[in-house]
Structure formats: structure tokens, C-alpha cells
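Quick note on labels: first sequence line is chain A, next is B, and so on, each numbered from 1.
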Amino acid sequence: MPTYWTQTVIPTLRQAPGDAEVPSHQLMLRAGLVRKLGSGSYSYLPLGLRSLNKVIAIIRDEMANAGAAEIFMPTLQPIDLWEQTKRREAYGDNLFVVTDRHGRVQALGPTHEEVVTDLIGACISSYKDLPKTVYQIQTKFRDEFRPRFGVLRSREFLMKDAYSFHTSLEGGAGSGSLDETYDKQYAAYQRIFERCGVPFMIVEAEAGPIGGNASHEFMVPSPTGEDTILTNDAGYSANVEKCETGPRDSDLTGDATGELEAVNTPGCAGIEDVCVFFKKQLKTKLATKNMLKTLVFSGANQRRVVAVVRGDHEVNEAKLRATVGCDIAMGDQDEMRNAGFAIGYVGPHVAIGKDDVDVYVDPDAAQGGFWVTGANETDHHHKHFNWQRDLIDQGVNVTVADIRNAVEGDPAPAERGGGTLQATKGIEVGHVFKLGCKYTEALGVTVSDENNQRVPVIMGCYGIGVNRILAAAIEAKTETRTGHDDNGIIWPAAIAPFTVVITPIAYEGQVKQVVDDLASTLETEHGMDVLVDDRSAEIARPGVKFKDADLIGIPIRITVGEKGLANGEVEIKARDGSNGAKGETITVDQCVAHCVALLQNIA
RNA sequence: CGGGGUGUAGCUCAGCUUGGUAGAGCGCUUCGUUCGGGACGAAGAGGCCGCAGGUUCAAAUCCUGUCACCCCGACCA
């Protein structure tokens, strides 16, 4: 049965509510796909749900192809599971926690590693039971620090999460290894996003709080994306947090620009504060790139790690950790103060005379020239800091290493093809990880091997932000596909709420007859989803129907009016403009065939 | 959590500075004329001015508190 406009709920809006800023958010609201209930939680109206369900159907299909079995796990999860894996702390305030009437504490699942590991762990006992891949499509809860951009960052969202279990890490087809399944999921993801018609790029990523050591993100390029991706011409692409850089020069022996001079900078604990202070109070221009940003971490064995980057750069903890060779953490502020670090005013020379402090500096900061740095005394900074004179000659060892986030313009690593790194913004729609044994170890999941020895179980996990795909499809802007224009959404055919909208100029008499025939033929013989705009002229005159059809972005519109019918003709128009700005006039007889043909050319 | 901002009709917003019975456009209802790209005219309906206190003869407007929402920031010291 075709869907009739008057029988469904499509509350289109002429103006977007004022709190919607990004195009996908505005259009999802205007086209009547979703409505906001509260900060970061959205209801799905019929149009939105239909698209969501189409995405879900594609995901299910590809998961089945990849050999994953669908399951369904609870949202309410005992907090001890989270304590056993130490993730209650790792997730911190992002974890929604509820207490039941008996005072038992539960987490609302932001993800399900703990629960699946517990679940599947109890279902397997032998290496012969592996590999196994399971997945679910379910609502996740995250107490986001700041929900925003509508459905792009919400507190409640739909996620497809798959988990795989193995006894071996590496091995090709038929081995049952983690690598094999990872590759299958990776390929399934490529097909899913291709079929959904969203342009995407695959990016090397940090694993984040999920854990594990190899990971790729699937990103939809868009200016409203919250992630920064760096690429080179040779095809290397990585998330900023992960991106490696090629060699950069350093020169710790560069000349000083003057005598070390203390400057009173009351209340200027931040880089920006100091620059503003210099400009306003001292009438001196000071750029952030002329400052040294000095961070203090606690490392293993009671040692401190002092990391120094240029004021306009960011320390990358993962890189620093790799350089230092042991786990490090941001120090507690009070503890740091007691240990003699003037938090907010720390400079590299804080290491002088301290044998439990190691200094690491990024090449761009390890240069001669003019530096302003913290003076290791609250409310004071130093001008004319010089590495050789003020630190190395004082007996401090300094290690120069890449410890910062990459930025646009950095050299790309030679082994990745070299060249220069370019930055783009992306919306993360999928993420695959090789988890390893993090969860199975924490929860004691093992399996017997050929020799009847208990061996650890290795895991992988694979997530897709289902509703993000909708927003990303609308948001997308590439040479090949645009998700929206001034008139509204332009859906990829595969996830459009309907494939065809039929717009009768007046739904009555012969027009009505033709419309109903077309709708039923398209549905029953070609499996299309058809929306018939049966609103009467009193409710919606033709102009309104056209505007609404454009707004909700249905790929093909067929217009049927008395005038055309007098010549046995109807009009057909592709939303993406692929058959001209005004569409084409064709005979009723050709309409169905032409519609099918047109649809094949629409992404 | 810090900073900034906004809560007035279904939607977008004006009114607040300088207190004096609540406004516009769109949408909605009825009637008429229209009817192929958001029609026109006429007549209507619709608001506890987020909530709670306070000041005042009088509060959407001033004060205090509170809640909600939005933006910016962020273990970067």
C-alpha cells in the first residue's frame, strides 16, 4: 500500500526553530523527521523512522553477510561489571548511573563490551566454539558533556555494536583470527556506507576508552564534523589524535634573544591570558607560537614527566606515552603544587635540580629564538628563555621527540608517502577496533585449547552510529554528492523515507485514478515506497506540495495534473536535478519504466 | 563545570532601557474569490510573558532565587 500524506504525520516547518544551527539539524526538524524532547534526546516521526529503518535493514543485511548473529542486550547494566573492567572511572561522568529502589546502582549502557563479554564468555568453553561474532542494534546512553548539533551528538542514540571472539590474533581466510573478522567487518562497513549513499573516508584512529591497539574510523567529510582528519596525497589519512608526522628539525643550541627576564603576569595561567596581558598591559605583541606550553604528568616509579610544546600546539598523550615508554597521567593539581610545580606557571626549567623529572620537548618548541614561558612561580612568566643556557647548561637532560598532535602543514611520515598533511573535518559514523584481551581478562573469560589449556579470548568490536548516518547523509558535501540544497534534503535513494512521491495537482477524478494506478504499480511490481500527496487544494495548493516534496527530499517526484493527462502525459523529476531543473514530461505508459531507469542513476 | 545568551501564541520574533489591561509575520478556524512552485480578501480562535518569591497602588518589564534550552571553552595548568 502506498502511504497517503493525509494519513501520516509530516509536520513540515517553514522556519527552523532558532536553536538548530547545522544544516542537518535544521532540515531534520523542518522536514518533520524528528522533534526534540529535551537536550540531546529526539523523537522520530514517521519520515525519520522510515529512513532509520532503511539504514538498519542495510546494516542487518551486511552483518549477516559478514557472519554476525544478531542479539539484544539490556540497557540496564550492573555497575560492578563496569568496576571490574575499571571503566566506571574511565568513562567518568559520561556514564549515566541510576539507583533502583533497593539502592542497587546500575549503569545505562553507553556501549556493551562488559555485557557481551560476560554473556558470550558463559556460552563458550572450547576453542572449537570460536570464532563468533554477535551484534545488536540498540539505544545507548551517554551523559554527554555537551550534546549538540541535533542528532549528531545526543545523549540517547541508536548504535549498531558488533563484537567478535577469537583465540588467535593473526591469520588469513579460514583461520578464525581476529584479523580475519576485523577485515570482514571493515569490508562490511565499506559496503554499508556505500549502500547508504553516504560519502566516507577511512581513517586511522586512536582506540579511546574502549581500549585495544588497532583501529579505524569511518568518517563522512563535512564542515560540521567534530573530528579533524589529516591526509596526504599518497592516501594516508588519520585522526589528529593518531596522526604521525615526518621528521621535523630542532635546534636546542639556538641563540638566546636576551637575558632571562621575569615578568609579573597576575592571574594569567593560560597561554591566551598571557598573550592578552602582553598586548594590553605591556603593549607588546606576543603570539601563542612564541610561548612554551609546559604540562606535568606523573609517570611510573614516582617520576614526573614534563612535556613541552609550542603554545599553539597540543600535547598528544598517546605519543608522549609511547615516547616515555610507560603509562602517564595528568597530575592532580594540588599534589603537583605540593611537589613544587606552580600549576599554570610551569616552565621547562622547573626540572633544574630535580632528579625525578624527565623533560620531553617537541621539535617545534626545541628551537632557539624568542620564548616566553612560565617562571615556575605563580603569577610570573619569563621572557627570553633559552634551552641551552637556561636548562641544558644547568645540567638537565632534554629529550626531543614528536609529542604533539599533528597540524595542517606538517610533513607526513616518509613511510606513508611523505608530502604535506592537509586537514579536513569529518563526522564519525563508524569505528572498528581490535580490542585484544582487555575485557576477557578483566572478566576472566578463557577457553580450552587443543592441549586442554585455558587460553585467553581475544576480542574485536565494531560500532556504527545509526542515526548519525541520517544526519551525515544530509550534511554530506562532496563533488559527487550533496545531501541538501536551499530547498531541503536530497536523500540518497537507498535511505530515503520514500523512493517516489506522487503529487497530484488535484487528487480527484481521472487524476486520482492515474495516481493510484501508478502508485500501486510502482509498489507491487518494483518494490518502491510511494508517498501520495493526497492533500486537497484547500489544505495544500500545488505550490505547497512542490515545496514540501523538495523539503523532505524524496528522490523522484511524479506530478499528475489534468492538463498533462489531457495529452496522456505526466511529469517526472529527480530531486538531485539529474533529469534537469524542470524534469521531463512523459506519457503515462512510459512513466513506470522511466521512473525505474531514473532511479538507477541516483546514488 | 566556567563564561556568555535566551525563555512572550504551534513556529520565527518584537515589546523590557524609561513599570500602567499583550503585539507582528507565518501557521490554525470560518466564509468568499482562487487553484501547475509556499494565493488574495474578510471575520475569528489562540498566551499564568518558564517557575517561585520580592519591590510597587500597579510587574512581561525592576530585584532575588530557581528551572529549562542554546552558544563558547576545557584535565592543554
Gap in Å between the two [atom1] atoms, one belonging to [N] and one to [M], rounded:
N     : M     : atom1 : result
B:A22 : B:C75 : C1'   : 49 Å
B:C71 : B:G32 : C1'   : 48 Å
B:U18 : B:G27 : P     : 38 Å
B:U61 : B:G15 : C1'   : 9 Å
B:C62 : B:C69 : C1'   : 24 Å
B:U12 : B:C1  : P     : 27 Å
B:G20 : B:C13 : P     : 24 Å
B:C49 : B:G23 : P     : 14 Å

Protein N or O to nucleotides 67-72 of chain B N or O, pairs below 3.5 Å:
{"residue": "B:C69", "atom": "OP1", "partner": "A:Ser39", "partner atom": "N", "Å": "3.1"}
{"residue": "B:C69", "atom": "O3'", "partner": "A:Lys36", "partner atom": "NZ", "Å": "2.9"}
{"residue": "B:C70", "atom": "OP2", "partner": "A:Ser39", "partner atom": "OG", "Å": "3.0"}
{"residue": "B:C71", "atom": "OP2", "partner": "A:Arg146", "partner atom": "NH1", "Å": "3.4"}
{"residue": "B:C72", "atom": "OP2", "partner": "A:Arg146", "partner atom": "NH1", "Å": "2.7"}
{"residue": "B:C72", "atom": "OP2", "partner": "A:Arg146", "partner atom": "NH2", "Å": "2.2"}
{"residue": "B:C72", "atom": "O5'", "partner": "A:Arg146", "partner atom": "NH2", "Å": "3.4"}

Touch check for [X], heavy atoms < 4.0 angstrom, all strands: base, sugar-phosphate only, or nothing?
X        : value
A:Asp548 : base
A:Gly374 : nothing
A:Thr503 : nothing
A:Arg310 : nothing
A:Ala540 : nothing

Hunt down the Watson-Crick or G-U wobble partner of [N], both distances under 3.5 Å, from any strand shown, or write none.
N     : result
B:G73 : B:C1
B:A14 : none
B:C49 : none
B:G32 : B:C40
B:A68 : B:U6
B:U56 : none

Round to the nearest Å and state the distance from [X] atom [atom1] to [N] atom [atom2].
X        : N     : atom1 : atom2 : result
A:Ile505 : B:A39 : CD1   : C1'   : 15 Å
A:Leu13  : B:G38 : CG    : C1'   : 13 Å
A:Gln26  : B:C11 : CD    : C1'   : 14 Å
A:Leu29  : B:G10 : CG    : C1'   : 13 Å
A:Lys545 : B:C35 : NZ    : P     : 15 Å
A:Gln15  : B:A14 : CD    : P     : 12 Å
A:Arg535 : B:G38 : CZ    : C1'   : 11 Å
A:Glu538 : B:C35 : CD    : P     : 14 Å

[X]: partners by side-chain hydrogen bond (donor to acceptor under 3.5 Å, both in side chains), with sequence neighbours left out:
X        : result
A:Ser154 : none
A:Ser51  : none
A:Asp516 : A:Tyr4, A:Tyr507

Geometric cation-pi criterion A:Arg88 and A:Trp82, 6.0 Å radius, 45° cone
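Relative to the ring axis of A:Trp82, which defines the angle, A:Arg88 lies outside at least one limit.
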
What are the residues of residues 346-354 of chain A, sorted by number, that bring a heavy atom to within less than 4.0 Å of RNA chain B?
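By residue number: none to list.
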
Mind listing the side-chain donor-acceptor pairs of residues 9-20 of chain A below 3.5 Å, one per line with the distance, residues two or more places apart or on another chain?
{"residue": "A:Thr12", "atom": "OG1", "partner": "A:Asp548", "partner atom": "OD1", "Å": "3.0"}
{"residue": "A:Asp19", "atom": "OD2", "partner": "A:Lys36", "partner atom": "NZ", "Å": "3.1"}

Taking donor-acceptor contacts at under 3.5 Å, does the side chain of A:Arg14 reach the base of B:U12?
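When only heavy-atom distances are counted, A:Arg14 does not reach the base of B:U12 through any donor-acceptor pair under 3.5 Å.
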
Quick one: salt bridge (charged side-chain N to carboxylate O under 4.0 Å, His left out) partners of A:Arg321, sequence neighbours excluded?
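With neighbours one apart ignored, the set is A:Glu317, A:Asp327.
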
Aromatic rings A:His349 and A:His382: how do their planes relate, parallel, tilted or perpendicular, breaks at 30° and 60°?
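Plane angle between 30° and 60°, so tilted.
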
RNA chain B: A:Lys573 or A:Arg541, which has the more 5' nearest nucleotide?
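That would be A:Arg541.
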
Go nucleotide by nucleotide along RNA chain B from the 5' end; which of A:Arg30 and A:Leu295 gets its closest nucleotide reached first?
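Of the two residues, A:Arg30 wins.
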
Between A:Lys425 (side chain) and A:Ile229 (backbone), is there a donor-acceptor pair under 3.5 Å?
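Checked: no pair found.
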
Of A:Val350, A:Thr294, A:Val308, which is the lone residue that meets side-chain contact (heavy atoms from CB on, under 4.5 Å) with A:Thr373?
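Filter result, single survivor: A:Thr294.
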
Using the side-chain heavy atoms of A:Asp550, tell me which of these nucleotides is nearest: B:G36, B:A39, B:G37.
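Nearest listed nucleotide: B:G37.
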
To the side chain of A:Lys547, which of B:C76, B:G38, B:G36 is closest?
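The nucleotide sitting nearest to the side chain is B:G38.
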
All N/O donor-acceptor pairs, side-chain side in residues 559-568 of chain A, below 3.5 Å, sequence neighbours left out:
{"residue": "A:Thr559", "atom": "OG1", "partner": "A:Arg557", "partner atom": "NE", "Å": "3.3"}

Enumerate the residue pairs fulfilling ring-ring contact (aromatic ring centres under 6.0 Å, His included) with a member in residues 555-580 of chain A, sequence neighbours excluded, ordered by first and then second residue.
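Qualifying pairs: none.
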
Give the C-alpha distance, both sets of side-chain angles, the deciding distance and a yes or no for salt bridge (charged side-chain N to carboxylate O under 4.0 Å, His left out) between A:Asp356 and A:Lys354.
CA-CA 6 Å; A:Asp356 62 341; A:Lys354 291 195 173 75; over 6 Å; no

